[in-house]
Amino acid sequence: GAAAPPDWPRPAEPESVKALIFIVDTVFSLAVYVFLLRFLLQLVRADFRNPIAQAVLQLTNWLVRPLRRVLPPLGQLDTASLVATALVQLLATAITFWLLTGVWSPASPLLIGALRQLAIAAIQLYTFILVGYALLSFVAPGAPSPAVHLLGSLAEPLLRPVRRLLPAMAGLDLSP
(Lines give C-alpha, C1' and ligand atoms only; values in the text may rest on other atoms or scores of the structure.)
Protein backbone atom coordinates (compact mmCIF):
# COMPACT_ATOMS: atom_id res chain seq x y z
CA GLY A 1 0.00 0.00 0.00
CA ALA A 2 0.81 3.62 0.35
CA ALA A 3 1.70 3.69 4.05
CA ALA A 4 4.71 5.80 4.90
CA PRO A 5 7.87 3.94 5.82
CA PRO A 6 8.50 3.91 9.58
CA ASP A 7 11.66 6.04 9.27
CA TRP A 8 9.72 9.06 7.94
CA PRO A 9 9.08 11.82 10.47
CA ARG A 10 5.63 11.75 12.07
CA PRO A 11 4.54 14.94 13.80
CA ALA A 12 1.66 14.82 16.25
CA GLU A 13 -1.55 14.72 14.25
CA PRO A 14 -5.09 15.64 15.17
CA GLU A 15 -7.68 12.87 14.81
CA SER A 16 -9.10 14.39 11.61
CA VAL A 17 -5.70 14.19 9.93
CA LYS A 18 -5.29 10.58 11.07
CA ALA A 19 -8.68 9.74 9.59
CA LEU A 20 -7.78 11.47 6.31
CA ILE A 21 -4.46 9.62 6.15
CA PHE A 22 -6.27 6.32 6.76
CA ILE A 23 -8.78 6.99 3.99
CA VAL A 24 -6.16 8.17 1.49
CA ASP A 25 -3.88 5.23 2.34
CA THR A 26 -6.72 2.74 1.93
CA VAL A 27 -7.88 4.13 -1.42
CA PHE A 28 -4.36 4.29 -2.81
CA SER A 29 -3.51 0.82 -1.48
CA LEU A 30 -6.53 -0.65 -3.26
CA ALA A 31 -5.59 1.21 -6.44
CA VAL A 32 -2.01 -0.09 -6.29
CA TYR A 33 -3.28 -3.65 -5.77
CA VAL A 34 -5.62 -3.40 -8.75
CA PHE A 35 -2.90 -2.03 -11.05
CA LEU A 36 -0.43 -4.61 -9.76
CA LEU A 37 -3.00 -7.33 -10.34
CA ARG A 38 -3.42 -6.16 -13.95
CA PHE A 39 0.33 -6.32 -14.50
CA LEU A 40 0.56 -9.80 -12.96
CA LEU A 41 -2.43 -11.10 -14.92
CA GLN A 42 -0.79 -10.04 -18.16
CA LEU A 43 2.56 -11.42 -17.04
CA VAL A 44 1.11 -14.90 -16.45
CA ARG A 45 -1.10 -14.67 -19.55
CA ALA A 46 -4.32 -15.13 -17.59
CA ASP A 47 -7.68 -15.54 -19.30
CA PHE A 48 -9.05 -12.03 -19.65
CA ARG A 49 -12.53 -13.35 -20.43
CA ASN A 50 -12.77 -14.02 -16.68
CA PRO A 51 -15.27 -11.56 -15.11
CA ILE A 52 -12.82 -10.60 -12.37
CA ALA A 53 -10.07 -9.93 -14.91
CA GLN A 54 -12.56 -7.87 -16.93
CA ALA A 55 -13.27 -5.76 -13.84
CA VAL A 56 -9.54 -5.23 -13.30
CA LEU A 57 -9.18 -4.12 -16.92
CA GLN A 58 -12.09 -1.70 -16.63
CA LEU A 59 -10.71 -0.19 -13.43
CA THR A 60 -7.24 0.37 -14.89
CA ASN A 61 -7.83 1.19 -18.56
CA TRP A 62 -8.08 4.92 -17.87
CA LEU A 63 -4.33 5.06 -17.19
CA VAL A 64 -2.91 2.01 -18.97
CA ARG A 65 -4.41 2.68 -22.41
CA PRO A 66 -2.86 6.16 -22.84
CA LEU A 67 0.47 4.84 -21.58
CA ARG A 68 0.32 1.94 -24.02
CA ARG A 69 0.40 4.42 -26.93
CA VAL A 70 3.78 5.64 -25.68
CA LEU A 71 5.21 2.51 -24.06
CA PRO A 72 5.20 -0.63 -26.22
CA PRO A 73 5.45 -4.02 -24.50
CA LEU A 74 8.88 -5.59 -24.14
CA GLY A 75 8.25 -9.21 -25.08
CA GLN A 76 5.89 -10.65 -22.45
CA LEU A 77 6.39 -7.65 -20.16
CA ASP A 78 3.56 -5.11 -20.35
CA THR A 79 5.50 -1.91 -19.73
CA ALA A 80 2.40 0.30 -19.72
CA SER A 81 0.84 -1.64 -16.84
CA LEU A 82 4.12 -1.70 -14.95
CA VAL A 83 4.65 2.05 -15.36
CA ALA A 84 1.01 2.74 -14.41
CA THR A 85 1.45 0.69 -11.24
CA ALA A 86 4.66 2.55 -10.40
CA LEU A 87 3.04 5.94 -11.06
CA VAL A 88 0.07 5.18 -8.81
CA GLN A 89 2.43 4.02 -6.06
CA LEU A 90 4.64 7.09 -6.51
CA LEU A 91 1.62 9.39 -6.22
CA ALA A 92 0.39 7.46 -3.17
CA THR A 93 3.78 7.74 -1.48
CA ALA A 94 4.09 11.48 -2.26
CA ILE A 95 0.61 12.32 -0.97
CA THR A 96 1.02 10.18 2.15
CA PHE A 97 4.37 11.82 2.91
CA TRP A 98 2.83 15.25 2.44
CA LEU A 99 -0.10 14.42 4.70
CA LEU A 100 2.26 13.10 7.37
CA THR A 101 4.83 15.90 7.27
CA GLY A 102 3.23 18.88 5.55
CA VAL A 103 6.11 19.13 3.04
CA TRP A 104 6.80 17.52 -0.32
CA SER A 105 9.50 14.89 -0.32
CA PRO A 106 12.66 15.27 -2.42
CA ALA A 107 12.65 13.07 -5.52
CA SER A 108 15.26 10.50 -4.50
CA PRO A 109 13.78 9.46 -1.12
CA LEU A 110 10.31 9.57 -2.66
CA LEU A 111 11.32 7.19 -5.44
CA ILE A 112 13.06 4.83 -3.03
CA GLY A 113 10.06 4.88 -0.68
CA ALA A 114 7.66 4.22 -3.56
CA LEU A 115 9.71 1.29 -4.88
CA ARG A 116 9.93 -0.14 -1.38
CA GLN A 117 6.18 0.16 -0.88
CA LEU A 118 5.53 -1.38 -4.30
CA ALA A 119 7.72 -4.37 -3.43
CA ILE A 120 5.84 -4.78 -0.14
CA ALA A 121 2.50 -4.54 -1.98
CA ALA A 122 3.59 -7.22 -4.47
CA ILE A 123 4.62 -9.58 -1.67
CA GLN A 124 1.37 -8.94 0.20
CA LEU A 125 -0.71 -9.46 -2.94
CA TYR A 126 0.98 -12.77 -3.71
CA THR A 127 0.55 -13.82 -0.08
CA PHE A 128 -3.21 -13.17 -0.39
CA ILE A 129 -3.27 -15.02 -3.72
CA LEU A 130 -1.49 -18.10 -2.35
CA VAL A 131 -3.55 -18.22 0.85
CA GLY A 132 -6.79 -17.75 -1.10
CA TYR A 133 -5.80 -20.42 -3.61
CA ALA A 134 -4.88 -22.87 -0.86
CA LEU A 135 -8.10 -22.22 1.08
CA LEU A 136 -10.25 -22.60 -2.04
CA SER A 137 -8.53 -25.89 -2.82
CA PHE A 138 -9.69 -27.20 0.58
CA VAL A 139 -13.18 -25.67 0.56
CA ALA A 140 -14.17 -26.17 -3.07
CA PRO A 141 -11.64 -28.36 -4.88
CA GLY A 142 -12.18 -28.27 -8.63
CA ALA A 143 -15.11 -25.85 -8.37
CA PRO A 144 -15.70 -23.95 -11.63
CA SER A 145 -15.47 -20.43 -10.22
CA PRO A 146 -13.99 -17.29 -11.82
CA ALA A 147 -12.05 -16.64 -8.61
CA VAL A 148 -10.56 -20.16 -8.58
CA HIS A 149 -9.47 -19.87 -12.21
CA LEU A 150 -7.97 -16.43 -11.67
CA LEU A 151 -6.13 -17.41 -8.49
CA GLY A 152 -4.92 -20.58 -10.19
CA SER A 153 -3.49 -18.71 -13.15
CA LEU A 154 -1.62 -16.39 -10.75
CA ALA A 155 -0.49 -19.02 -8.22
CA GLU A 156 0.46 -21.95 -10.47
CA PRO A 157 3.58 -20.33 -12.01
CA LEU A 158 4.99 -19.97 -8.48
CA LEU A 159 3.81 -23.34 -7.22
CA ARG A 160 4.96 -25.53 -10.14
CA PRO A 161 8.71 -25.33 -9.33
CA VAL A 162 7.98 -25.90 -5.64
CA ARG A 163 5.91 -29.00 -6.46
CA ARG A 164 8.86 -30.48 -8.34
CA LEU A 165 10.96 -30.19 -5.18
CA LEU A 166 8.19 -30.98 -2.70
CA PRO A 167 5.74 -33.59 -4.02
CA ALA A 168 2.32 -34.11 -2.45
CA MET A 169 2.43 -36.13 0.77
CA ALA A 170 -0.54 -38.39 1.55
CA GLY A 171 -2.55 -36.55 -1.10
CA LEU A 172 -1.87 -33.17 0.56
CA ASP A 173 -0.27 -30.46 -1.58
CA LEU A 174 2.15 -28.55 0.66
CA SER A 175 3.51 -26.30 -2.09
CA PRO A 176 1.55 -23.15 -1.04
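Computation of the quantities below employed the complete heavy-atom set of this structure, encompassing side-chain atoms and omitting hydrogens, waters and symmetry-equivalent molecules. Count residues from 1 along the sequence.
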>> Going by ring pair (Phe, Tyr, Trp, His ring centres under 6.0 Å), name the pairs with one or both residues in residues 100-128, residues two or more places apart or in two chains.
In response: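 Sorted result for residues 100-128: Trp98-Trp104.
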> Does any pair with a residue in residues 70-96 pass ring pair (Phe, Tyr, Trp, His ring centres under 6.0 Å), and if so which ones, sequence neighbours excluded?
Replying inline: none
Got a second to check how far [X]'s [atom1] is from [Y]'s [atom2], nearest 0.5 Å?
X	Y	atom1	atom2	answer
Ile120	Leu125	CD1	CG	13.5 Å
Leu37	Thr85	CG	OG1	9.5 Å
Leu118	Leu36	CG	CG	6.0 Å
Leu67	Leu87	CG	CG	6.5 Å
Ile52	Leu57	CD1	CG	12.5 Å
Ile21	Thr26	CD1	OG1	11.5 Å

> Can you check whether Phe35 reaches Gln89 side chain to side chain, under 4.5 Å on heavy atoms?
Replying inline: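 A side-chain contact under 4.5 Å is absent here.
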>> In the structure I gave you, are the side-chain heavy atoms of Leu110 and Thr93 within less than 4.5 Å of one another anywhere?
In response: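 Result yes, sub-4.5 Å side-chain heavy-atom pair found.
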>> Heavy-atom count check: over 12 atoms from other residues, nucleotides or ligands less than 6.0 Å from Phe48 CZ?
In response: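 For Phe48, atom CZ is crowded (more than 12 foreign heavy atoms under 6.0 Å).
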> With a cut-off of 6.0 Å (strictly less than), are more than 12 heavy atoms of other residues, nucleotides or ligands near CZ of Arg163?
Replying inline: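 Result for CZ/Arg163: enclosed.
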> Residues in salt bridge (charged side-chain N to carboxylate O under 4.0 Å, His left out) with Arg49, at least two apart?
Replying inline: Asp47
> Looking at residues at least two apart in the chain, or sitting in another chain, which of them share a side chain to side chain contact (heavy atoms under 4.5 Å, CB included) with Leu115?
Replying inline: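 Leu115 satisfies side chain to side chain contact (heavy atoms under 4.5 Å, CB included) with Leu111 only.
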Can I get a per-line list of side-chain donor-acceptor pairs under 3.5 Å for residues 130-154, giving both atom names and the distance, sequence neighbours left out?
residue	atom	partner	partner atom	Å
Tyr133	OH	Glu156	OE2	2.5
Ser137	OG	Ala134	O	2.6
Ser145	OG	Ala147	N	3.2
Ser153	OG	His149	O	3.4
Ser153	OG	Leu150	O	2.8

>> Are Phe22 and Val32 connected into the same hydrophobic cluster when the rule is that any two of I, L, V, M, F, W, Y join if their side-chain heavy atoms are below 4.5 Å apart?
In response: no
> If you group Ile, Leu, Val, Met, Phe, Trp and Tyr by side-chain heavy-atom gaps below 4.5 Å, do Phe28 and Leu30 land in one group?
Replying inline: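 No, because Phe28 and Leu30 fall into different hydrophobic clusters, even though each may have its own neighbours under 4.5 Å.
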Throw together a table of side-chain donor-acceptor distances under 3.5 angstrom for residues 73-83, partners on residues two or more places apart or in other chains.
residue	atom	partner	partner atom	Å
Gln76	NE2	Leu43	O	2.5
Asp78	OD1	Arg68	NH2	3.1
Asp78	OD2	Arg68	NH2	2.7
Asp78	OD2	Ser81	OG	2.4
Thr79	OG1	Leu71	O	3.4
Thr79	OG1	Pro72	O	2.6
Ser81	OG	Arg38	NE	3.4
Ser81	OG	Gln42	OE1	2.9

